[in-house]
Every structure is written in C-alpha cells, then in structure tokens.
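Numbers restart at 1 for each chain; the letters A, B, ... are given by sequence-line order, proteins then strands.
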Protein chains: 4
Amino acid sequence: MTTNDSVEKIQAPELQTSGWLNTPQPITLASLRGKVVLVHAFQMLCPGCVQHGIPQTQRIFDEFDPERVAVIGLHTVFEHHAVMGREALEVFAYEYRLRFPIGIDKPNPQQVVPHTMMTYRMQGTPTTLLIDKAGYLRLHQFGHVSDLHLGVSIGTLLAEEIAEQASPAITAAKNEASAQTGCDAEGCRT
Amino acid sequence: MTTNDSVEKIQAPELQTSGWLNTPQPITLASLRGKVVLVHAFQMLCPGCVQHGIPQTQRIFDEFDPERVAVIGLHTVFEHHAVMGREALEVFAYEYRLRFPIGIDKPNPQQVVPHTMMTYRMQGTPTTLLIDKAGYLRLHQFGHVSDLHLGVSIGTLLAEEIAEQASPAITAAKNEASAQTGCDAEGCRT
Amino acid sequence: MTTNDSVEKIQAPELQTSGWLNTPQPITLASLRGKVVLVHAFQMLCPGCVQHGIPQTQRIFDEFDPERVAVIGLHTVFEHHAVMGREALEVFAYEYRLRFPIGIDKPNPQQVVPHTMMTYRMQGTPTTLLIDKAGYLRLHQFGHVSDLHLGVSIGTLLAEEIAEQASPAITAAKNEASAQTGCDAEGCRT
Amino acid sequence: MTTNDSVEKIQAPELQTSGWLNTPQPITLASLRGKVVLVHAFQMLCPGCVQHGIPQTQRIFDEFDPERVAVIGLHTVFEHHAVMGREALEVFAYEYRLRFPIGIDKPNPQQVVPHTMMTYRMQGTPTTLLIDKAGYLRLHQFGHVSDLHLGVSIGTLLAEEIAEQASPAITAAKNEASAQTGCDAEGCRT
C-alpha cells in the first residue's frame, strides 16, 4: 500500500543520537536486522505528534511482539531547542508514560536540524519510518499515517520475513549487500 | 498477527446468498481468486456493526485498489428477521451511503441462522473474514477488529501475492488444489 | 446562548403520538410543567441521529435528575415508513439499549410528514427541542447540537426555575397563562 | 447541576500571577465583574490538560461572547518547574495556537505549589473554576469536566445575570458585599 515496492530500495541510514531514554544502552538499526523497525520521529511540543503519532507508536509498542517489530522514538528537535532538551523530554516521557525506547537525534552545532533528520531529509514532525528485516527503508512519511495504512505496511514487511525464511539464499545476499553499502555509504554510520 | 499462519488452512466456503445490493450481479468468492477478500458480516440493527465495523469496511473499500482487495458486506440476519428484510436493508444502505457490494445471507427456513453464517460457524455480528489470494480463510474474528490489526492482516496477505508471483509453480499448484476442492465442495454444504 | 431569549416565546404545541415505548403510559408536555423538557426528534435509520443525537439524548437521560430535566424521544418518520414502523423501532430501541421514553409521532394519512413534526415545522431529523418550566419552546434546532451548547441551554432554563421560585407571583402568573392557552389548545393546531 | 447552589458562596480569591501571555496587560478577576469567568488551571506537560481541558477551554473561548463569558488559562506549575518556565510555556501556547489569555501562577519560593493554586487549595491539574457575575466561586472541579456539565454550569450562571438585572437591589447588595470582603479577606489579593 504505502510501502515503496516500485522504487529502488535504499539501506536505512543509521540513527545518530546524543542519548537515549527507556533503554539501558543505545540502539542501532544494525542490531535490529531480522525485525521490522518502526521509527517515529517527533518533537515533544508538536501537537500532531502528541495527539496522533505518539499514542499510535505506544500502541504498536504495546501490541506487537518485540521480537518481530522493534519500535523506536526519535526526538528530532529542529526548533525551540532551548525548551526541548533532555530534561524536558524526560519529564514529557514520564508524564505521558511512554515506554518505548527514545533516541535523541544528535544536534548539529552548525544547523537547527539535527543529524539523523538531515540525513533522512525529513520534512518535519511527525515522520514515520519503516525499515524492513534486511535494513532497507520502505516507508518514509511526513504527517499523520492512519492505523489502517500503517498496519498494512507493517503486515507487508512482516510477511516478507516468511518469504525470506523460505529462500535463505536471497536473504543472505541482501544482508551481504547491506554490509557492503552499509550506513557509511549512505552518510550515516555511527 | 491475527492471521492463522500456524493452523491448517481451509478453503473459504462459498457465500450462499438470496440477493445482492450495490452490484449488477451476484459475487462469488471463486471469482475473486488472486485478490485478498474482506467479508464483513453484519446486521443493520447491530450497534457494534453500525458504529465500528461498517464504517471500517467502507473505509477499506474506499482506500484500497479493488484489483488487490475485494470488499464484501454480508447481511447475516439471525434475529428480528421481520424488520431486517431486503427493503429495510436497502434503506439502510441508502441512508448510510454504503457503496460496497452487500450480499444477503440466504435464510434457512428451518433455522434462525442463515446458511453462510451457519457454514462459517460465526458467533454473531460483526464478524470479519479475510480470505487470501488462493481462497483460503485466513482471519475469522467475531467483534471489533482494530484498524491496526486488520491492516496488518491485509498487508500480510497482500505480500503473499508478491511471493506467489515470484514462484508461479506454487501458485499454480495452489490454484489447482483450489479448483479441485472448489468453493462449492468446501462451502456450499450446510 | 442558543435559547431564543430575544424572540417572543411561544407555548410548545402538545405532542401528537400514536404510541409509546419505555413508559407505562403516554406522556404529555402538559404533565411536565415545572421541569425542563428535552425532546429529541429522530428516525431510527437516520445516521446523524444514531451517531450523535441519540447517544447524547441517552447521556442526558442518564445524568440528569428526572425531576428537573425530562427527556423524551420522538420518532418522527417522514420517509421509508414501511421499514420504520413500531416493530422495527422496538428492535432498534432494544438493540441500542435506549431507556428514555419514546413517543411515535402520529402518522398523517394525507402526508408523509407526521403530525407533531408538521406542527413544529421541523426541517428534518435530528431535531432538538427544549421546553422551559412554563411550557414555552425555547430551543428548536435542526442538526447536530454540541454538548457544550445544549448544556448551556439546559443550564439557562434550569436557572430560571430558581428565579421563579424566588418570585412566586410571576411563576403563578405564568402558569396561569399557560393553563389558559393550554398545551392542547396551543399544540394541536397546525 | 455541578454548581454549588447549596453551599455558602465564597468570593473567588484574586489570581496571583507573575506574568501573562496573550493579553496586553494583566487581568484581574475584579475587572471581570458582570461576566461569567472560566479559569482553566493547567500545566503544559499534563496529559489530561493537553488532551481534554485545554481544547475545551479554547473551544469555549472561541464560541462564547467575551462580553458574557471571560476565559482565562492559569499555568499552575507544581512539579518539574525547570522545564515548564515562561519560555517553554510560550512555545507551547504558540505551537498549540492558544489564543485565550494565560496567567502564570506566581511561584512560591518556599513551596513547590504556586500562590493561586495554594489559595484555592487545588488538588492538581486540570482544575476548572467558574466564577459568577458577582465574583463568587461557583464551580471548583479537579479532573475532566464533560462539555455537557460545564455547559450546564455556564448556562446557569449566565441566566442569573438576567435575574440580577430584574432585581437590581440584590445585585447592588452583592457587589457591595463583594467590595467589603474583597480578595484580601479571602487571603489572596496580590
């Protein structure tokens, strides 16, 4: 449906973060190969994120098997940096009872837009990313994504998992390609 | 997610109907091979159907490519038959501006439960069925199904379509099996 | 707010009904003097009524003291009469668990529009009427009325009750006037 | 309904603020005599405020005549002070497009709870206050207030305006009493 089946797949650039919440250690996309990965890029004072995107992300985190679908929040602050620092984000995550891991997009001293947001050329927040089992970026959408369409996209990527298990050679080839191009080639390896 | 990947797949029994709305001619499941099929079984005076299931069904009918996802309503009247006849259903469909095809489940003179409902052993309304491209019943759920989970199931079945295109031999075999057992053989028995 | 304070008040014409549900005996507006009366005119197959007006009416019936706010449904069928008869309405009220009294607007053999609906010159369904303690029609609105605005109107009319208690002479005069013109006399005229 | 008709009325203590947004000059309750006043006490990182109370307050601000109903937000920060300062509040009000005046409850160096919140003995946020035309506190409710019940309370207080106009002597007496007791007597004048 909303996945980019027709376009050339690109490896999802690695996340560049300056810190994490709700996880004992930083999370890399590379470590999540084999899972479908949902990344929800948000800002804590973005109304559309607070009303739709964040509750949707929390719901997916709660309802899906973490061995099959990994859920990550990414705090991509590109405005009002002074009032959306780590301490404010921690209060926000605490008050809204967010339980999914949240990475803080690494600030860029030269620019208002942080590193990961820049690498992915996100238009703003909320932005939803879906990355398939092999590490390819398959959905990149700015604004509200309906539960129905996000569900279809997740289901599509989950099903591929089965297809790949049925044809391990292809999976191996994909992973090898992934290692070759890597995230450096995309400009984003940490 | 909610699809029955682990259980033995059964061919979806054919619909048994006494009439149709919103379609120039009756629809058979057999004619929909190659598409994912959503069947929403409802009653026009069932509050849960009117509030959740029917709007969800209309949304899927509006948003998906009919060449990939076929949407069918099935009016499975098992109570208050006198006030939920064809004329009442036509008014209901007109007032609620339903555009998807609606089959009327064939009444059984010996029983309150109509034929298709009985064949599928539905617990009540609303009931959601998903049938895959090869005609197998993959989701059978009584009550409210969230957009997220229904989306995942549809996405999973849509993705299989691609897998089958990649392995035509298997698809052919499946279709042959489907033709052998047929929908009549599977479904039209009460 | 939405009450007609600036216009000349008219006595609310009496309801003309051919039957009732959820009440042991017919209800007249005349019998409700001293209470604020909410009349929700609806049709059982009107989507706007089913989605907004009827749940709102049920909520008001549940949450307000019946000694202060009387709630009445009025089934004003002006189309598709064959499928919205008493038996269908009973099933509807049963399935939607409606507990407030519902009068059936008296059909007019000469017209599609029933008697009360004609008398009040309602534009369609849903229509919300508010009648004050003295029997005057104070709100007459076609379409959806927000909870906020309906609440303000009810509160305004409830407060008048207090004012009248503080000035019994005026209340008596009002009631006398009400008795003179009467609800039968006021309402049954077209 | 939810107004305190049965209890002894108390004058609403004056707001104690350290700053204002969305108004060219500070607002006092004293200056609003003759209007019904809604005060919505909130914190910008309180989920219940953001989801329900603040949109409700904005709606009332938008829909009511400001000459009859005055709407005030009050930022009553009693936790996480470091991340809910004036600059953060300004960003919040800007991003959520709040247009109603917002007072910042005056911090108390000796306590976590600010002055107005303490004076009113608020339990937390959101807290809804309604003050009548004569300056009496008539509704004081912690947590979510439904549109229906808030509407009824506002309607009740708006209707009293009419009653008072009909009996000016009483109104004058009330206002005199209000001037005598003032907010100092209640312990809250700034």
Note to self: So for atom CZ, which belongs to Phe142(A), do other residues, nucleotides or ligands contribute more than 12 heavy atoms lying within a distance under 6.0 Å?
What the structure shows: yes
Note to self: What's the separation between atom CD in Glu160(A) and atom CD in Glu160(B), rounded to the nearest 0.5 Å?
What the structure shows: 11.5 Å
Check: CG/Leu148(B) to CD1/Ile154(A) distance, rounded to the nearest 0.5 angstrom?
Finding: 6.0 Å
Margin query: Can you give me the closest heavy-atom contact between Ala159(A) and Thr156(B), atom names plus distance?
Written below: CB-O, 3.6 Å
